[in-house]
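Everything on this sheet refers to the single structure shown next.
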Amino acid sequence: MVTTDKTLVEQPVPADVKETRVVMKGVSWETYKKLMAEVGDDRAWRIAYDRGVLEIRMPLEEHEEPKGLIESFVEAIADELGIEVRKLGSLTLDREDLTRAVEPDTCFYIQNEGLVRGRKINLPEDPPPDLAVESDYTSSSVNKQTLYSALGVPELWRYTKKTLLVYQRVEGGYEQCDRSLAFPFLPITEIPSFIEQSRTIGQRSAVRLFRQRIREILDSESMGNS
Amino acid sequence: MIATDKTLVKQPVPADVKETRVVMKGVTWETYKKLMAEVGDDRAWRIAYDRGVLEIRMPLLEHEVPKGLLESFVEAIADELGIEVLKAGSLTLEREDLTNAIEPDSCFYIQNESQVRGREEIILPSDPPPDLAIESDYTSSSVNKQTLYSALGVPELWRYTKKTLLVYQRVEGGYEQCDRSLAFPFLPITEIPSFIEQSRTRGQRSAVRLFRQRIREILDTQSIDNS
């Protein structure tokens with residue numbers, strides 16, 4: 001009983017960062033939904049479902065920390081900009097009409113926050129999150145970018161191997177780019193260094209330093225504009 | 001495989017041997033069966049199900065190797081004894097009446113081999129359970145596997161963990177570790193890990209041949225003693 005999935009074979013998981021990942025093939029949408037309903041919200045694992053293929057993964061602790069910091073950074077940016085964002089964590093983004101579902105490590109409504117504030121999200125009547133964050137750096141047997149793209153998520157951040165990769169949605173997938181759609185002024189390449197610093201100076205100090213950096217950028221922008 | 005849930009906390013999984021394991025709570029027997037039927041046999045993962053708790057694990061390569069060698073050892077013993085055994089691998093052992101199911105790393109029919117020989121399907125409880133189940137994973141589990149195996153009536157359990165072979169015999173409600181195998185009382189349990197270790201340098205078949213030779217010696221001595 002060895003899986004023959006080519007993607008799994010071609011992209012081996014590095015031995016030191018094995019993420020718990022189980023792939024089930026041939027699972028009906030009905031069974032997937034029934035399973036999720038029976039288990040409820042009390043679970044540590046996350047799913048991705050793509051037309052019959054159910055992938056279940058257990059996030060590693062190594063992934064949880066950058067995820068938490070990236071969330072704090074987005075919140076810090078919102079505070080400095082004086083805007084609202086809605087953090088929905090690992091919200092299950094599912095579309096029965098497409099028989100696809102995915103759970104990001106975390107996600108935010110930013111541009112569309114006003115449309116979903118206080119609401120229970122129901123796709124496709126509600127807009128998808130404006131930003132999805134994936135902090136796992138292991139390979140996947142489902143093509144997550146195709147999933148996110150089908151679900152209409154305009155921006156994707158992927159923290160992998162101490163690098164933050166930013167993607168913007170294009171037809172059928174994503175294109176890596178050097179600036180964020182939601183926060184075009186954001187010094188993306190600097191984020192990993194703040195994450196690294198948190199390991200020595202502490203998480204809150206790293207977030208405060210990041211906040212200060214954002215303030216500087218915003219100040220120089222407003223001076224440049226004046 | 002552990003005795004109580006407390007043991008789970010006390011025996012954390014070593015960081016270097018994390019086994020892929022997902023636990024789902026609240027899964028009905030109906031959904032469990034539907035999921036298994038839809039997925040079919042083309043899967044790398046193994047399950048354990050205990051009254052609503054579905055545990056899914058991905059066997060690691062580190063576990064596959066000792067498992068394969070233990071299978072070869074059982075087959076070598078059978079050959080040396082001139083008896084039949086039926087290797088049933090990761091047969092799904094399930095009892096709908098108990099809403100219990102488990103898939104061992106491997107299992108054998110030995111004493112009851114003739115009752116299931118050539119059968120396309122084994123259905124518990126009308127058929128007997130395997131005489132021996134082998135678990136070569138050494139990570140903790142969130143379901144009490146010993147209780148499961150015991151409920152399913154498996155009389156003997158081998159567990160290869162941390163380079164040690166632990167042998168258990170079924171008692172009411174669980175298992176008792178013991179120093180001899182029920183199926184093969186002459187088996188030199190403590191010597192097994194050294195054969196597994198030797199396979200890493202000499203090769204697997206050489207290790208199995210050495211084991212076979214050792215079994216022959218033991219059987220020869222026994223027959224001399226008995227004569």
Side-chain angles (χ1 to χ4, degrees), chain A residues 1-9 12-64 92 99 103 136 138-141, chain B residues 8 12-49 51-64 67-68 88-92 99 103-106 137 139-142:
Chain A
M1 287 196 293
V2 171
T3 175
T4 52
D5 194 299
K6 277 186 179 166
T7 328
L8 274 178
V9 178
V13 178
D16 55 332
V17 289
K18 265 178 199 154
E19 194 185 46
T20 296
R21 199 178 284 277
V22 173
V23 177
M24 301 180 170
K25 292 177 188 170
V27 181
S28 64
W29 180 263
E30 188 198 351
T31 299
Y32 151 70
K33 289 297 281 183
K34 194 151 184 286
L35 186 67
M36 296 292 277
E38 286 177 1
V39 171
D41 287 335
D42 183 20
R43 58 183 164 93
W45 39 275
R46 308 261 180 277
I47 60 93
Y49 180 90
D50 189 1
R51 294 158 294 169
V53 179
L54 176 61
E55 181 186 273
I56 300 163
R57 65 189 171 94
M58 282 289 281
L60 292 178
E61 204 181 315
E62 299 97 283
H63 300 172
E64 289 294 308
T92 308
T99 57
E103 290 176 332
D136 70 291
T138 51
S139 64
S140 176
S141 59
Chain B
L8 246 185
V13 179
D16 57 329
V17 289
K18 263 181 201 154
E19 193 184 46
T20 297
R21 199 179 282 278
V22 172
V23 177
M24 301 180 170
K25 290 176 188 167
V27 180
T28 60
W29 180 263
E30 188 198 352
T31 300
Y32 152 71
K33 288 296 282 180
K34 194 150 183 289
L35 185 68
M36 296 293 277
E38 286 178 1
V39 172
D41 287 335
D42 182 20
R43 58 181 166 95
W45 38 276
R46 308 259 182 280
I47 61 94
Y49 180 91
R51 292 158 295 169
V53 179
L54 176 61
E55 182 185 273
I56 300 164
R57 66 189 171 92
M58 285 287 282
L60 294 177
L61 180 62
E62 298 98 284
H63 300 172
E64 289 293 305
K67 181 206 76 175
S90 282
L91 177 73
T92 308
T99 57
E103 292 175 331
D105 287 316
S106 188
D137 72 292
T139 51
S140 61
S141 176
S142 59

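Order of the sequence lines fixes the chain letters, A, B, ..., with proteins taken first and strands second; residue numbering starts at 1 for each chain.
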- Message: Run the side-chain hydrogen bond (donor to acceptor under 3.5 Å, both in side chains) test against A:Thr31 and tell me which residues pass, sequence neighbours left out.
- Response: A:Ser28, B:Lys34, B:Glu38
- Side-chain touch B:Arg43/A:Val22, heavy atoms, less than 4.5 angstrom: no
- Item | Gap between atom CG of B:Leu35 and atom CG of A:Leu35 - 0.5 Å precision |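 Going from the CG atom of A:Leu35 to the CG atom of B:Leu35 covers 6.0 Å.
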- Item | Nearest-0.5 Å distance, CD of residue A:Glu30 to OG1 of residue B:Thr31 |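 Separation between the atoms: 9.0 Å.
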- Please lay out, stage by stage, how B:Lys25 and A:Val39 fare under the test side-chain contact (heavy atoms from CB on, under 4.5 Å). CA-CA 5 Å; B:Lys25 290 176 188 167; A:Val39 171; 5.5 Å; no
- Message: Atom CD of residue position B:Glu30 - does it have more than 12 heavy atoms of other residues, nucleotides or ligands inside 6.0 Å?
- Response: no
- Task: Name all residues meeting the salt bridge (charged side-chain N to carboxylate O under 4.0 Å, His left out) criterion together with B:Lys33; count only those two or more places apart in sequence or in a different chain, and write none if there are none.
- Result: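 Salt bridge (charged side-chain N to carboxylate O under 4.0 Å, His left out) list for B:Lys33, sorted by chain: B:Glu94.
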